[in-house]
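Note that the coordinates shown come from a computational prediction; the quantities given were computed from them, not determined experimentally.
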Amino acid sequence: MDRMKRIKYSIGLVIILVTSPFFMFGQSKQAANAALEIKADTLLDRQDFEGALKLYSKIVKKSKFKSENEFSILYKRAYCFYTLKKFDEALDDLNRYLKKIPNEQAKILRMYVNQELGDTDALLVDLNSLLAERPESAELLRWRLSLQMESEEYKEAQQDIRKLLSIQDDPDLKGYLGLTYYYLENPDSALIIFDQIIEQYPSNIQTYLYAGSILLEEEAYDASLNYINKGLKLEPANATLLYYKGAALVEKEDFAEGCRCLDKAFTNGIDDAGGYLQDYCYGEAN
C-alpha cells in the first residue's frame, strides 16, 4: 500500500470510528458525566453537600475508573461524606482514591476522618508518612504532639516539642514541655521550666495555672499559692485560679477566705469547686 492509499485508509478508519454508535455512545456518556460533575462542583461550592453527594454518586456508578479525573470524583464525594458526618463512607472512598493516587490533601482528609472514627493508629500512619516528607511542618508536628499527649507518650512528645521550639518560640509549647516532665514524675524540672516561662512571658496566665495545679496536687500549698496569687494579680476574676486558691486555703484550714474563693469559682462555672464547698464550707469544718 503506497503512502496515499495509507492516508486514505487512515482517514476512512477515523470516520468509521467517529460515526460508530459505540463511539458516539462513549462520547455522549463522557459528556453527560462531565455535565453532572460541573453541576456537582457548583453545589459543592455552594456547600450543598447533600445535593453534590447525589450527583457524585451518579457519576461513580457510571465510571470505570480508568482516568485520574474519574478517581478525583471519589475524593470529592469523600469530602461530602465527611462534612455530612458519614465517616465510614468517606473512609471507603479515600482508601480507593489513595490506592491509585497518593495525594497529600487526600491523606490529610483521611487523617481527619480517622480522628473522627477514633482510629489513632491509622491516623498516625498517614501523619508519620507526611512528616517523613515534611519534617519541619509545624502544623503536622503540633497534630502529632496533641496525639502523644492524649496517649500519655510523654517522651515522644518531648522530642516533638523541642523540634517545634527550634522552629518557633512559644510559651504554650514550653508549658507542654513542663507538663511532660511532671507527668514523667519530675516536678522539679517542670517548675524550672515554668519559672523560665514566667520570666520571659510574665503575662502568660496558663503558666501560673500549670504551676499552681501541680503544686496543689503535690500538697505544697504555700508554694502553690505563690503562683496562684501572682496569676490572680493579672486576672483577678479567673475562675480556675480562684478554685485552686480556695482548695489550697481550705486544705490549710483557712476556711473563711478559702470558701469565699470556692464560692466565686463555683458561681463562675467550675463545678469541681462544689465538692470542696460541700466538704469544707457547708459542714462542721466551716
Side-chain angles (χ1 to χ4, degrees), residues 79 82-83 87 90-91 94 98 102-218 223-224 226-228 230-231 233-235 238-241 244:
Y79 182 73
Y82 172 75
T83 57
F87 303 120
L91 184 61
L94 287 167
L98 283 164
N103 177 279
E104 181 177 300
Q105 199 61 38
K107 275 189 180 180
I108 291 172
L109 180 57
R110 185 164 68 179
M111 285 157 56
Y112 279 112
V113 170
N114 279 317
Q115 182 170 266
E116 294 291 344
L117 291 171
D119 193 342
T120 303
D121 290 338
L123 195 166
L124 278 168
V125 169
D126 281 334
L127 187 51
N128 289 330
S129 169
L130 291 175
L131 275 167
E133 298 169 9
R134 294 198 284 137
E136 302 302 313
S137 170
E139 289 183 5
L140 294 175
L141 284 168
R142 280 181 177 273
W143 196 344
R144 186 166 70 180
L145 170 60
S146 69
L147 296 174
Q148 291 163 340
M149 295 294 285
E150 288 175 14
S151 304
E152 301 182 4
E153 297 173 350
Y154 301 120
K155 284 287 186 184
E156 294 80 359
Q158 286 179 344
Q159 294 175 15
D160 278 354
I161 291 170
R162 290 192 174 95
K163 283 182 187 176
L164 283 163
L165 287 172
S166 70
I167 299 169
Q168 54 188 165
D169 189 38
D170 184 331
D172 293 330
L173 284 171
K174 289 181 178 177
Y176 291 148
L177 185 61
L179 287 177
T180 61
Y181 278 105
Y182 179 68
Y183 294 141
L184 291 168
E185 300 182 359
N186 190 347
D188 291 339
S189 293
L191 288 169
I192 288 170
I193 291 171
F194 295 146
D195 285 339
Q196 290 172 348
I197 300 170
I198 289 170
E199 184 177 355
Q200 188 176 1
Y201 300 96
S203 63
N204 185 272
I205 201 71
Q206 190 63 51
T207 313
Y208 300 100
L209 287 161
Y210 287 153
S213 66
I214 69 171
L215 287 165
L216 191 59
E217 287 186 24
E218 294 290 306
S224 176
N226 179 47
Y227 289 101
I228 292 166
K230 287 179 180 177
K233 284 183 180 179
L234 296 170
E235 290 188 15
N238 186 291
T240 305
L241 283 172
Y244 290 163

Walk me through whether Met149 and Tyr154 qualify under side chain to side chain contact (heavy atoms under 4.5 Å, CB included). CA-CA 6 Å; Met149 295 294 285; Tyr154 301 120; 4.2 Å; yes
Show, in sequence, the C-alpha distance, side-chain angles and deciding distance for Asp172 and Asn204, and conclude whether the side chain to side chain contact (heavy atoms under 4.5 Å, CB included) test is met. CA-CA 9 Å; Asp172 293 330; Asn204 185 272; 3.7 Å; yes
Candidate pair Met111 and Leu130, rule side chain to side chain contact (heavy atoms under 4.5 Å, CB included), full reasoning: CA-CA 11 Å; Met111 285 157 56; Leu130 291 175; 3.6 Å; yes
Test salt bridge (Lys or Arg N to Asp or Glu O under 4.0 Å) applied to Asp170 and Arg142, step by step: CA-CA 12 Å; Asp170 184 331; Arg142 280 181 177 273; 2.6 Å; yes
Please step through side chain to side chain contact (heavy atoms under 4.5 Å, CB included) for the pair Tyr176 and Leu173, ending with a clear verdict. CA-CA 5 Å; Tyr176 291 148; Leu173 284 171; 4.3 Å; yes
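Across Leu241 and Gly231, no two heavy atoms sit closer than the pair CD1-C, 3.6 Å. In this structure, Leu98 and Ala106 approach most closely via the heavy-atom pair CD2-CB, 3.7 Å. The two residues Asn114 and Ala122 have their closest heavy-atom pair at ND2-CB, 3.7 Å. Shown here for Gly178 and Ala190, the closest heavy-atom pair between the two residues is O-CB, 3.1 Å.
To the nearest 0.5 angstrom, Leu124 atom CG is 7.0 Å from Ser151 atom OG. Here Leu179 contributes atom CG and Ile193 contributes atom CD1; the two are 9.5 Å apart, rounded to the nearest 0.5 Å. Here NZ of Lys233 is found 15.0 Å from OG of Ser203. Values are rounded to the nearest 0.5 Å. Between Arg134 atom CZ and Leu141 atom CG the span is 10.0 Å, to the nearest 0.5 Å. With rounding to the nearest 0.5 angstrom, the CG atom of Asp160 is 10.0 Å from the OG atom of Ser146. For the atom pair Glu133 CD and Asn128 CG, the distance stands at 11.5 Å (nearest 0.5 Å).
Gln168 CD: more than 12 foreign heavy atoms inside a 6.0 Å radius. For Tyr227, the OH atom sits in a packed shell: over 12 heavy atoms of surrounding residues, nucleotides or ligands are nearer than 6.0 Å. The local environment of OH in Tyr79 is sparse, with at most 12 non-hydrogen atoms from other residues, nucleotides or ligands closer than 6.0 Å.
Side-chain contact between Phe87 and Leu91: absent, with no pair of heavy atoms (C-beta onward) separated by less than 4.5 Å. No side-chain heavy atom of Leu147 sits under 4.5 Å from any side-chain heavy atom of Glu153. Looking at Ile228 and Leu216, their side chains never come closer than 4.5 Å, going by heavy atoms from C-beta outward. Residues Ile198 and Lys230 are not in side-chain contact: their nearest non-hydrogen atoms beyond the backbone lie 4.5 Å or more apart. Residues Gln148 and Gln159 are not in side-chain contact: their nearest non-hydrogen atoms beyond the backbone lie 4.5 Å or more apart. A 4.5 Å side-chain heavy-atom check between Leu184 and Gln158 finds at least one atom pair inside the cut-off. Asn238 has its side chain within reach of Leu209: a pair of non-hydrogen atoms, C-beta onward, lies under 4.5 Å apart. A heavy-atom distance below 4.5 Å is not found between the side chains of Leu109 and Gln105.
Tyr182 and Glu217 are linked by a side-chain donor-acceptor pair at a separation below 3.5 angstrom, with hydrogens and angles left out of the test.
Within the 3.5 Å criterion, the main-chain N or O of Pro202 finds a donor-acceptor partner in the side chain of Tyr208. With Ser213 contributing its side chain and Tyr210 its backbone, the two residues share a donor-acceptor pair below 3.5 Å.
Of the listed residues (Asp169, Thr207, Asp195), just one forms a side-chain hydrogen bond (donor to acceptor under 3.5 Å, both in side chains) with Gln200, and that residue is Asp169.
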